[in-house]
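Here is the structure we will look at.
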Amino acid sequence: MSKGLTSRNDDYSQWYNELVTKADLAEHSAVRGCMVIKPYGYTIWEKMQAALDTMFKDTGHSNAYFPLFIPKSFFSKEASHVEGFATECAVVTHYRLKNDGAGNIVVDEEAKLEEELIVRPTSETIIWNTYRGWIQSYRDLPILVNQWANVVRWEMRTRLFLRTAEFLWQEGHTAHATEQEAIEEAERMLEVYADFAENWLAVPVIRGKKTANERFAGALETYCIEALMQDGKALQAGTSHFLGQNFAKAFDVKFTSKEGVLDYVWATSWGVSTRLMGALIMAHSDDSGLVLPPKLAPVQVVIVPIYKNDDELNRISTYVDGLIPELKAKGISVKYDDRDTQRPGFKFAEYELKGVPVRLAIGSRDMDNGTVEVARRDTREKVTVAQNGLVAHIEQLLVDIQQNIYQKALQFRTENTTEVNSYDEFKRVLDEKGGFISAHWDGTPETEKQIKEETKATIRCIPLNNKQEAGVCMVTGKPSTQRVLFARAY
RNA sequence: CGGGAUGUAGCGCAGUCCGGUAGCGUGCUUCGUUCGGGACGAAGAGGUCGCAGGUUCGAAUCCUGUCAUCCCGACCA
């Protein structure tokens, strides 16, 4: 491991790339656009999965699994859906290889699939084709299903975690008897995402609706949570879609209501992906490395002994051997790093790079005094604490760190959210400060497109429960009833 | 997919213009001294120069193709 990390000020992109690889979260694979998620990174993802999965179960959902491959014909059944995804689909055309006689393995042209298969970029089509067989009556509804899966979107430009050709996610797909119920479901799941982002990732998010331009292909309404990264760019952290009856109509999924009326089923879908790892990294980390929220950190407390000889180490280890079970009993994950091959300073730097929230350093001086040095990763403060009462101190410290990094991110977002009233001011703030910009917009896709072309900023969302206020569009001067949030985005 | 850059030891790089069988830092191994913020000394190991062709007596170096990564653009959850 080489020393040092490019600083965020020098080159934010490079800082991010180095951090992801040096902190052992992920690395590039031999396959274009595809990454290897390493054990340390995957452990964080598993913790996210576990928390989200519990939240899905608590809201009545069950997991299932649908195929990786989707018959090409399914895609063309929903017009806007196919249009949205057509340009980034991987397609399976053959099912066999052969030896060409010259020692090369080639595709066997005789083994051509009668119907080509799409590697799923999302699963609405295969799932709604399946739901047709599951639903006849209002008694079969609602269907509340989630799947954890990989999907493939052949992106032109990729970045570790933020946009990869293959990524891991969950996709919820629900079916309802009424429009109202489906809308409520979409809103409920958005709130689950917001809750998760704020209480687990410690990333404050804006809950909002997408404009027509930014809406999911095939949805009537797309709800989203938007987060702000430290470089002033926005990141969409999760989406929840109200799909209306679009997929039910495309796949002919009807049910008989209590009143005996035949109608199409109402749908939602919602998802978050390994992109959340990117949000986690860019929201909190600093020039020394990762800063992880305690609730998602693979290791919450690391203990580093400081000693000159075996006698001193043994004395410290005896104490630590008693301490570890106490911490574990409180549900705290601990690692005792008694490797003799690295010196303490090296270990300090390494665990800072990897974002371990709390570090304990224990030396002979501490053993004499009955103390421990406690360092917190988020503020880099070090304090000496009595061994008596240490466990309670750490327990509280983990709670404090979780809250502190959330508050810090919230303060950053507040300071980097700017109201502007003219297009000139908009452009100036965008270039000089970045962040979210709250401005009046005339509500037309044309104006939104113009702004995007001229400034690269997009409307991230129309916040839910948005304050209504009379104003004029900063570009066209047409009347507007509310401000919307703009930003340059990942 | 277009423009630019890069690919040489685990990692970071020099060498490429001007062809002659590969070097530096770090990391790794062993031993010793060290150990409260990325230790020091000594001795060692480690490279099909991204891959495939071609030119040449000889290619990391020149030519062609290809793959991957980074930056810019286009595209996009």
Side-chain angles (χ1 to χ4, degrees), chain A residues 1-6 11-14 16-18 21-22 24 27-35 81 83-89 104 121-122 151-165 167 169 171 210 213-219 222-226 234-241 269-276 278-279 288-289 304-310 312-313 316 338-353 359-369 371-375 380 382 384 452-453 456 458 460-461 489-490:
Chain A
M1 198 180 316
S2 57
K3 280 188 195 178
L5 201 58
T6 298
D11 188 336
Y12 195 83
S13 289
Q14 200 182 336
Y16 176 83
N17 289 333
E18 284 181 10
T21 51
K22 289 188 175 180
D24 266 344
E27 62 187 38
H28 290 284
S29 70
V31 185
R32 178 195 178 89
C34 295
M35 65 178 167
H81 191 66
E83 196 181 332
F85 286 107
T87 58
E88 47 185 359
C89 285
N104 302 309
T122 181
V151 287
V152 169
R153 296 180 186 175
W154 214 260
E155 301 289 351
M156 292 301 172
R157 223 172 132 183
T158 59
R159 292 197 66 190
L160 294 171
F161 290 120
L162 297 173
R163 178 174 281 111
T164 45
F167 56 94
W169 78 343
E171 46 181 326
K210 286 296 188 189
N213 277 344
E214 300 278 325
R215 208 172 278 155
F216 175 75
T222 289
Y223 300 87
C224 63
I225 52 171
E226 292 283 330
L235 181 79
Q236 178 179 296
T239 49
S240 177
H241 314 290
S269 67
W270 28 274
V272 294
S273 70
T274 36
R275 185 178 234 206
L276 288 176
S288 302
V304 178
I306 293 155
Y307 57 94
K308 294 188 186 1
N309 53 54
D310 282 352
E312 290 190 6
L313 176 60
I316 295 163
D338 61 352
R339 285 178 299 173
D340 192 37
T341 51
Q342 260 71 32
R343 298 168 80 252
F346 180 91
K347 294 177 184 175
F348 292 173
E350 187 176 26
Y351 292 114
E352 278 166 13
L353 179 63
R359 182 189 71 226
L360 307 182
I362 307 173
S364 286
R365 221 157 58 213
D366 290 304
M367 293 307 295
D368 292 341
N369 299 336
T371 58
V372 169
E373 182 193 83
V374 180
R380 312 195 67 181
K382 291 190 282 197
T384 299
K452 185 179 177 181
E453 278 165 20
K456 290 182 192 168
T458 50
R460 300 320 302 157
C461 69
Y490 278 100

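The structure displayed is predicted, hence computed values, not measured ones. Proteins get letters first, then strands, A, B, ... in listed order; numbering begins at 1 in each.
A distance of about 10 Å separates the C1' atoms of A59(B) and U21(B), rounded to the whole Å. Between A42(B) and C49(B), the distance separating the two P atoms is 32 Å to the nearest Å. Annotation: A22(B) and A39(B) have their C1' atoms spaced 31 Å apart (nearest Å). Taking atom C1' in both C17(B) and C63(B), one finds a spacing of 15 Å when rounded to whole Å. If you take atom P in C51(B) and the same atom in G10(B), they sit 13 Å apart, rounded to whole Å. On the C1' atoms, U8(B) is 7 Å away from A60(B), given to the nearest whole Å. Using atom P as the reference point in both G47(B) and U55(B), the two lie 29 Å apart (nearest Å). When the C1' atom is used for both C62(B) and G4(B), the distance is 22 Å, rounded to whole Å.
Among the nucleotides C76(B), G38(B), G37(B), the one closest to the side chain of E352(A) is G37(B). Distances were taken from every side-chain heavy atom of A349(A) (C-beta onward) to each of G37(B), C75(B), G36(B); the shortest belongs to G37(B). When each of C71(B), C76(B), C35(B) is scored by its nearest atom to the side-chain atoms of R157(A), the top-ranked nucleotide is C71(B). With C71(B), C76(B), G37(B) as the choices, the nucleotide that has an atom nearest any side-chain atom of E88(A) turns out to be C76(B). Checked against G36(B), C76(B), C35(B), the side chain of E373(A) finds its nearest nucleotide in G36(B). In the set C1(B), G36(B), C70(B), C70(B) carries the atom at the smallest distance from any side-chain atom of N17(A).
If you check every strand for non-hydrogen atoms under 4.0 Å, R215(A) touches nothing. Within the nucleic acid shown, D366(A) comes within 4.0 Å of at least one base atom, counting heavy atoms only. Heavy atoms of S364(A) sit under 4.0 angstrom from at least one base atom. Contacts of T239(A) with the nucleic acid, taken as non-hydrogen atoms under 4.0 Å apart, include base atoms. Counting any heavy atom pair closer than 4.0 Å across all strands shown, R32(A) reaches sugar-phosphate atoms only and no base atom. Nucleic acid contact for G238(A): none, since no nucleic acid atom lies under 4.0 Å from a heavy atom of the residue. Across all strands shown, Q14(A) has no heavy atoms under 4.0 Å from either base or sugar-phosphate atoms. Counting non-hydrogen atoms under 4.0 angstrom, R339(A) reaches nothing in the nucleic acid.
With a 3.5 Å ceiling on both atom-pair distances, the Watson-Crick or G-U wobble partner of A68(B) is U6(B). In a base pair of the Watson-Crick type (N1 to N3 plus N6-O4 or O6-N4) or a G-U wobble (N1-O2 and O6-N3), with each distance short of 3.5 Å, C11(B) is matched with G25(B). Pairing partner, U61(B): none, since no Watson-Crick or wobble contact has both distances short of 3.5 Å. Base pairing of U30(B) is made with A42(B), judged by Watson-Crick or G-U wobble geometry with both donor-acceptor distances under 3.5 Å. A 3.5 Å limit on both hydrogen-bonding distances identifies no Watson-Crick or G-U partner for C17(B).
Judged by atom type and distance alone, K308(A) does not reach the base of G36(B) through any side-chain donor-acceptor pair under 3.5 Å. Put simply, the side chain of Q342(A) and the base of G38(B) share no donor and acceptor less than 3.5 Å apart.
Each of S29(A) and Y490(A) lies near RNA chain B, and the nucleotide nearest S29(A) is the one positioned closer to the 5' end. Mapped onto RNA chain B by nearest heavy atom, I306(A) and T222(A) fall at different nucleotides, with I306(A) at the one closer to the 5' end.
Using a distance-only test at 3.5 Å, with no hydrogens or angles considered, no donor-acceptor pair links the side chain of H28(A) to the main chain of M35(A).
Listed pair R343(A) / A39(B) meets the phosphate criterion, a side-chain N or O lying under 4.0 Å from OP1 or OP2.
To the nearest angstrom, C1' of C76(B) lies 15 Å from CZ of R159(A). Rounded to an integer number of Å, the gap from L353(A) CG to G38(B) C1' is 11 Å. Atom OH in Y351(A) sits about 17 Å away from atom P in G37(B), given to the nearest Å. One interatomic measurement links the two molecules: CG of N309(A) to P of G36(B), which rounds to 14 Å at whole-angstrom precision. Following rounding to the nearest Å, E155(A) (CD) and A74(B) (C1') show an atom-to-atom distance of 13 Å. One interatomic measurement links the two molecules: CG of L313(A) to P of G36(B), which rounds to 14 Å at whole-angstrom precision. The interatomic distance linking H28(A) (NE2) with U6(B) (P) rounds to 18 Å, in whole Å. Between K452(A) atom NZ and A74(B) atom C1' there is a gap of 11 Å when expressed in whole angstrom units.
Across T158(A) and A165(A), no two heavy atoms sit closer than the pair CG2-N, 4.0 Å.
Residues T6(A) and E18(A) have side chains that bring a donor and an acceptor to within less than 3.5 angstrom of each other.
With rounding to the nearest 0.5 angstrom, the CG atom of L160(A) is 7.5 Å from the OG1 atom of T21(A). Once rounded to the nearest 0.5 Å, the distance linking NZ of K210(A) with OG1 of T458(A) reads 6.5 Å.
The cationic atom of R359(A) (NZ for Lys, CZ for Arg) lies less than 6.0 Å from the six-membered ring centre of F348(A) and within 45° of the ring axis.
Side-chain contact between E155(A) and E88(A) is present, with at least one heavy-atom pair separated by less than 4.5 Å.
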(message) Between E312(A) and R365(A), is the salt bridge (charged side-chain N to carboxylate O under 4.0 Å, His left out) condition met? List the steps.
(response) CA-CA 10 Å; E312(A) 290 190 6; R365(A) 221 157 58 213; over 6 Å; no
